[in-house]
Amino acid sequence: MPNRRPVIFFLLVGLLAGCRDPESSPAVVAKDPPASSLRSDAPPGEVNGPMVTGPVWFRTIEGVGIDFRHASGTSPVKPFPAANGSGLAAFDYDLDGRSDLYFATGTPFPLDADRSQPADRFYRNVDAWTFEDVTQRCGLGHNGYGAGVTYGDFDNDGFPDVYVACYGANVLYRNQGDGTFTKLDEASGMADPGWATSAAMLDYDGDGLLDIYVCNYGQWTLEENRWCGDRSRDLRYYCSPLTVKPAADALLRNLGDDRFEDRAADVGLAQRPGRSQGVVAADLDGNGTIDLYVGNDLNANSMFLNQGHGMFADASEASGVAYDYLGGMQAGMGVDAADVSGDGLPELFVTNFEGEHNAYYENLGSGQFQEVSQQRGLYAAGLPWVGWGTALADFDLDGRLDLVVINGHVDENRPDVDHAQPALLYHNTGGGRFALVGEQAGDYFQQPHTGRALAVADLDNDGDQDLVMGHRDGPPSLLCNERYRPGLSSAAEDDGRRSISIRLVGTQSNRDAIGSTLTLRAGDHRQVLQVKGGGSYLSAHDPRKLFAVPADVSSVDLNVRWPDGSVSELNGVQPGGSYTVIQPLASEDTVRSFSQGGQR
Amino acid sequence: MAGEQVLRAILLSCIPSPALVLSMVRSRRSKRKKTTPLPADGAESSPPPPRARGRWLKRACLVGVALVLLLLGMVWWQERELSRAAQALEQGETRYAMYLVGKFLGRNPSNSRALAIQARGLLELGYPDETIQIFDTIGAASREDMHALARAYMLRGEWSSAERLLVRVLQLTPDEPNTLYELASCQIRLGRFQQALTNAQKFATLPDQAARGQVMIGSIHGDMGNDREAADAFAQVLQEDPQAENVQITPAEFYLRYGRVLLRLGKPAEALEPLKRSVADGPSGTAFTLLGDAASQLGRSEDAALAWREAIKLEPVSFSARTSLANLALLSGDGKGAIEWLEPITGEENLPSRTTYLLQRAYTLLGDAEAADRWREKTAELRREEQHLSMLEEALVSQPGSFWARAVRAHRFANEGNWLQADLLVTQLVEEAPGEPFVIELADGIRRRSGKLPSLMRVPVTRFD
């Protein structure tokens, strides 16, 4: 029986500075001004000239100060890793309440370790839609072949650290708390020279320290790169994933002294090498422990259920999530897990290659899933495109999770396929069905892109979720959520719906509270969200959880189940603001540990 | 043949020999000399008697001309029968043509022109083997003969032999619609999609051939996996021929192809109409199955189930329809219902992994771990094979000229019973790699016509599960 403890609210003065020391005021409180007053009618960034007339859901914002341009390192010899692009992450590195953005990039093959200029770029969110490049100032900017990016407070010092999964040695940057980062040295156990893609942070063994699950794609070298393509037209394409020998994933256990060791083989994770691409860490079977779901390229996807005590059981085959509904292997790119059906158990969504369909698995309970993509309206629209990053999120604040998928083909020289492809936005229309949003989704969704990475973040702190879209060999796009709902004649914000933004801070559990489950209740309305590790493709979302609140509701109740199993109840929470909820402390020892971490 | 030689001899006899011509020229000269006064010294000897010699020559010449005319007349008279036969053949009166040519051959059994007409007639009557036999003897020299021989090869499935001839025919008559169409067809069969596409595109630009051409273009794109281009081509067909009545294939087949491509493009709503047309024009299990798939993708499960049931009525062993119905049962939590749909086909050959996978899922949901495990193993085995074959299929499209693509094609032809084409391909492969065990075994199987062919799983494809 989980403990019920009094909850401490902490006022997150979202738009004010001075939030850098959370433990200094472990008391209460609320909250930002109402969302509508935060919205800027004329954002500093230039609004893209609208092609679509009338209200749109997402508007592309330009001129925000982000001059990053991804480089895949593609060349006529088609180096395989260049097909997949690189990721991005949205997180608040300086605890000023705004999501900052990290963009990873590739580099030409053969890799040149002596490049003087940093490749990855990091931008601080100065104000809504204004960013500044702080890569050098922060000591970030990895110059290897960056693929996936994730973040998490591995040392529990209160500041999020950054992990970059690479083709070549992966890197972990420790956030010093003073606006700078330092790279952990080889002794940390990070320097696996293989080919990693996505990564997720999670505390799999419940020791309060974030561990890292690293997806490894396979064994590939430029020297062994094969010729694939159309000989009759002398067109060289990227080879099939089946030509790459899969590598086993790694589970880097945090030893607590800046060192990590790979325990995948010891905890039941290494028997399924599968060319992993996307990973999400969440409680998939509702037993209170954090599980793993991994999308594998032309191999069975993996579901590892945490048995407690740091051991996993491979439930991939038995659960029904390893293959599509007819048992076919798919490309397994981006993944997400979230409770769409409202039963408290997360559904799973996986993006796939063209000619395959994106797969949506409904959670039946008891560790069983059923693919219902056709029945939910998620089958057909994705068929012609190559899907990558994805997210299940309530974009229009109607209390139902919508879905976004970014697309783009791997080959840029095939006459028969579009390299750039349109992203897809699905509106959850209720009754278990999704409908593809047409031109009202916004200009971005009408135009083709070489999409790869995708992260959800409330970039302007207006109480809804914006999008950061990463493109292979191109600049990213920032999409401002206008909260338009199809069928409305004006923006949805006008109908009075509000949101509550929650950031959890673990104390006995890991600082990011990854593995927590939040349940919001307002009369009949109930919504369950989890604080997850990983998700999407090579990318990491804003850690804040955002609940929609019906317009006629004046207060809601919130239940938090922390990763260690303790439970907190928050009653009478007022909608329309951002809250930080700190896990109640259990003992003086814990407090001391917490404080020591915070002094960093 | 002997008759022809006689005729040639007579004709040749009518043509004055060079010696005769020379002597005639001399005789004319000598006539002119007759009026020329002799030299005064009379040193030359006197010429032969001129009048008698001139008369003789004149008569011989007249006789010769008469003979030639007579013989030419005889030839014309005889050939007139052949011309009538050829004309009848061209007009589609094959049996009459065969009667005429048969009559002629009764008198002139070795006449090569008559034999060629007979060969072409036999082809029209559906005897490609005999056609090829005759042309093997007399040779196919004219455009018509080469075309007929190519078509005979096509009927026998000897696509590469046919292709070679059609290329020559096309050189003689560029832009001849039928030849272009047939050439593209051969190239499709040989997996040379790019060349086929070029010829089909050329064909589609010819007068009155747009609809047929676009059907072919759409089908080639479909085979290559270029679904969008295929759909564009099929849409164009309907602009040219709104009922798809003159497009080489039946309207039902056309609408089926169109609907399938639209489904693959993720356009189930657009696919509904052509699939309904296909079902209406010529109901088939495949069309009903695809119609069910379209309905299912639109969330209309009941309509889907109806269509899939219809498919099973027409094709009781319809893996796709049964699997879809089983999945529908699973969606409603009815594991037993799913098994009932699948059990009747578990003993069938070429059982796909999707069927066994649903059995695995059904038994899992029913809690029968043993049965689930059994089907899981079977599914894994089938899936491995399917994946291997799918990689081979990819190689066939992307590298049709590669050694292993040709080996797979030879295997496929042999499997279809097209031993001749398989033999043609494998002979070449053996020459290229005489020590390759797979090819040696394949060649042996093909030559024995045994049907005992090496497994395609042995084709070395670099692939990692």
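Numbers restart at 1 for each chain; the letters A, B, ... are given by sequence-line order, proteins then strands.
Interface residue A:Asp324: only backbone heavy atoms are found under 4.5 Å from chain B. Heavy atoms closer than 4.5 Å to chain B are found in the side chain of A:Arg433, but not in its backbone. Of the two parts of B:Glu386, neither the backbone nor the side chain holds a non-hydrogen atom closer than 4.5 Å to a non-hydrogen atom of chain A. For chain B, the nearby part of A:Tyr379 is the side chain; its heavy atoms alone come within less than 4.5 Å.
B:Arg228 contributes atom CZ, which lies 8.5 Å from atom CG of A:Asp416 (distance to the nearest 0.5 angstrom). Rounded to the nearest 0.5 Å, atoms CD (B:Gln297) and CD (A:Gln375) are 10.0 Å apart. Rounding to the nearest 0.5 Å places CD of A:Gln374 at 7.5 Å from OG of B:Ser324. Atom CG of A:Leu298 and atom CE of B:Met391 lie 9.0 Å apart (nearest 0.5 Å).
The candidate from A:Leu378, A:Leu364, A:Asp230 with the greatest count of non-hydrogen atom pairs under 4.5 Å with chain B is A:Asp230. Here B:Leu331 is the residue among B:Leu265, B:Leu331, B:Thr323 with the most heavy-atom pairs under 4.5 Å with chain A. Top candidate by heavy-atom pairs under 4.5 Å with chain A, chosen from B:Gly299, B:Gly225, B:Ser296, is B:Ser296. Between chain A and the residues B:Thr364, B:Asn327, B:Asp293, the most heavy-atom pairs under 4.5 angstrom are made by B:Asn327. Taking B:Asp373, B:Leu263, B:Leu330 one by one and counting their heavy-atom pairs under 4.5 Å with chain A, the maximum is reached by B:Leu330. Taking A:Ser319, A:Cys239, A:Gly218, A:Ser366 one by one and counting their heavy-atom pairs under 4.5 Å with chain B, the maximum is reached by A:Ser319.
Annotation for B:Arg376: atom CZ counts as buried by contact number, over 12 foreign heavy atoms lying within 6.0 Å. By the 6.0 Å contact criterion, CD on B:Glu370 is open, its count of non-hydrogen atoms from other residues, nucleotides or ligands being 12 or less.
In this structure, the side chains of A:Leu242 and B:Gln387 come closer than 4.5 Å at one or more pairs of heavy atoms. In this structure, B:Glu394 and A:Ser240 have side chains that are in contact, with non-hydrogen atoms separated by less than 4.5 Å.
Between B:Tyr357 and A:Tyr323, the shortest heavy-atom distance links the atoms CE1-CD1, 3.5 Å. Contact between A:Gln370 and B:Leu365 at its shortest, heavy atoms only, is OE1-CD1, 4.4 Å.
Each of A:Glu371, A:Gln368, A:Glu317 was evaluated against B:Arg361; a single residue qualifies, A:Gln368, per the side chain to side chain contact (heavy atoms under 4.5 Å, CB included) test.
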